[in-house]
Amino acid sequence: MSSISSSLHQSFSDLFQKYNQDTYLKENLWLEIETYYTSKKRHYHTLSHLKNLFQELIPIKEKLEDWETIQFSVFYHDIIYNASRNDNEEKSAVLAIERLKEIGLPEDQILKCNNQILITKSHENSDLDTNYFTDADLSILGKSWEIYEEYFLQIRKEYRIYPDFIYNPGRKKALKHFLEMPRIFKTDYFFEKYEKQAQINLKKELEILSK
């Protein structure tokens with residue numbers, strides 16, 4: 001087990017045990033998460049992506065109203081990811097609901113988790129907790145150019161089934177979607193931390209795709 005997997009496994013175990021003491025279920029659910037996120041078809045939406053979200057959110061968890069629900073949202077938001085489909089968020093949310101019911105989360109937390117996962121499709125403005133979560137999900141956009149370049153090359157690998165003449169227009173549309181937003185990051189915390197560099201990175205990738 002890698003250090004990333006081991007760390008996330010411990011985080012999931014600690015979270016799970018706040019609601020359920022069934023060790024067999026806990027280990028089965030972790031194995032399911034690990035199996036999905038370590039699929040050979042994935043290059044960006046991996047356990048490293050989950051680690052990055054936790055690294056972004058842990059320092060500000062005091063700002064969050066429901067830190068436990070957000071943690072479940074991190075674990076399940078990309079559990080289903082198929083580059084040839086456009087309903088990954090919906091399928092991830094359905095699976096999350098099933099698993100959270102098994103764990104025994106209260107209905108209101110399950111509903112919040114469902115909403116947080118679904119909104120990663122549009123990254124629309126929402127309640128503060130969800131905005132922090134989706135901003136963390138987009139934090140890669142505002143990292144250094146070197147890290148951002150590695151990210152978009154990983155995304156390209158995930159979509160390698162598509163030739164450039166199909167992939168490039170779709171990717172450009174996604175980049176323009178973010179650039180046309182009044183602001184990419186909804187919370188002031190992430191806006192101040194990443195907005196300026198994100199704008200630079202997105203425009204630079206757009207130029208590359210337009211050549």
Side-chain angles (χ1 to χ4, degrees), residues 4 8 37 42-61 63-67 69-81 83 86-93 96 112-159 167 170-209:
I4 293 176
L8 290 171
Y37 283 97
R42 297 192 184 208
H43 298 274
Y44 174 71
H45 294 90
T46 64
L47 293 177
S48 293
H49 173 53
L50 302 190
K51 179 189 175 187
N52 181 65
L53 261 71
F54 278 114
Q55 288 177 330
E56 294 291 344
L57 290 166
I58 286 172
I60 58 167
K61 64 181 183 180
K63 297 177 181 286
L64 307 172
E65 182 181 327
D66 190 348
W67 171 229
T69 296
I70 285 184
Q71 289 179 78
F72 279 117
S73 295
V74 170
F75 281 115
Y76 282 101
H77 78 289
D78 282 326
I79 193 165
I80 304 298
Y81 190 82
N86 64 1
D87 60 352
N88 293 309
E89 293 84 1
E90 290 86 350
K91 287 185 175 295
S92 293
K112 278 192 276 187
C113 185
N114 174 69
N115 292 340
Q116 286 169 358
I117 293 172
L118 290 176
I119 211 162
T120 61
K121 187 165 191 168
S122 63
H123 291 96
E124 293 175 355
N125 197 24
S126 186
D127 64 273
L128 193 56
D129 267 15
T130 302
N131 285 345
Y132 276 119
F133 170 64
T134 56
D135 277 0
D137 191 37
L138 293 178
S139 62
I140 188 69
L141 303 183
K143 298 295 176 71
S144 68
W145 171 253
E146 290 73 24
I147 293 174
Y148 180 83
E149 184 178 33
E150 181 182 10
Y151 146 74
F152 75 70
L153 291 174
Q154 289 170 339
I155 294 293
R156 184 65 185 100
K157 286 181 182 178
E158 289 185 339
Y159 284 85
Y167 174 81
R171 181 65 181 172
K172 286 162 71 174
K173 182 179 179 182
L175 297 175
K176 288 176 181 176
H177 168 72
F178 285 118
L179 288 169
E180 288 168 0
M181 289 179 168
R183 50 192 276 176
I184 297 167
F185 296 97
K186 308 296 186 295
T187 62
D188 290 340
Y189 173 82
F190 282 104
F191 179 84
E192 292 167 8
K193 191 175 182 182
Y194 291 127
E195 183 78 17
K196 185 176 179 181
Q197 187 61 42
Q199 295 280 345
I200 293 170
N201 290 340
L202 292 168
K203 289 173 184 175
K204 193 169 181 179
E205 185 188 354
L206 194 56
E207 288 175 7
I208 292 170
L209 289 171

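Reckoned from all heavy atoms, side chains included, excluding hydrogens, waters and symmetry mates. For the single chain, residues carry numbers from 1 onward in sequence order.
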Return the minimal non-hydrogen interatomic distance between [X] and [Y], and the atom names on each side.
| X | Y | value |
| --- | --- | --- |
| Ser92 | Tyr76 | CB-O, 3.5 Å |
| Asn114 | Ala93 | OD1-CB, 3.3 Å |
| Lys176 | Leu206 | CG-CD2, 4.0 Å |
| Ser73 | Ile117 | O-CG1, 4.3 Å |
| Thr69 | Cys113 | CG2-N, 3.7 Å |
| Leu47 | Tyr37 | CD2-CB, 3.6 Å |

Would you say [X] and [Y] make side-chain contact, with heavy atoms under 4.5 Å?
| X | Y | answer |
| --- | --- | --- |
| Phe54 | Leu8 | yes |
| Arg156 | Arg171 | no |
| Phe191 | Asp135 | no |
| Phe190 | Ile60 | yes |
| Thr46 | Ile4 | no |
| Thr130 | Asn115 | no |
| Asp78 | Asn88 | no |
| Met181 | Lys186 | yes |

Spacing of [X] atom [atom1] and [Y] atom [atom2] [to the nearest 0.5 Å]:
| X | Y | atom1 | atom2 | answer |
| --- | --- | --- | --- | --- |
| Leu141 | Gln197 | CG | CD | 11.0 Å |
| Leu175 | Glu205 | CG | CD | 4.5 Å |
| Ser48 | Leu53 | OG | CG | 12.0 Å |
| Ser144 | Ile200 | OG | CD1 | 11.5 Å |
| Lys193 | Ser139 | NZ | OG | 7.5 Å |
| Phe178 | Leu138 | CZ | CG | 5.0 Å |

Candidate list His123, His45, His49, test ring-ring contact (aromatic ring centres under 6.0 Å, His included), partner His77, passing option: His49
Donor-acceptor pair between Glu158 and Gln154 side chains, under 3.5 angstrom: no
Side chains of Asp137 and Thr120, donor plus acceptor under 3.5 Å: no
Test side-chain contact (heavy atoms from CB on, under 4.5 Å) applied to Asn201 and Tyr151, step by step: CA-CA 11 Å; Asn201 290 340; Tyr151 146 74; over 6 Å; no
More than 12 heavy atoms of other groups within 6.0 Å of Glu65 CD: no
Atom NZ of Lys172 with >12 non-hydrogen neighbours under 6.0 angstrom: yes
Is the closest basic N to carboxylate O distance between [X] and [Y] below 4.0 Å?
| X | Y | value |
| --- | --- | --- |
| Asp129 | Lys112 | no |
| Glu149 | Lys204 | no |
| Lys143 | Glu56 | yes |
| Asp188 | Arg183 | yes |

Pair Phe72 + Phe75: ring centers closer than 6.0 Å: no
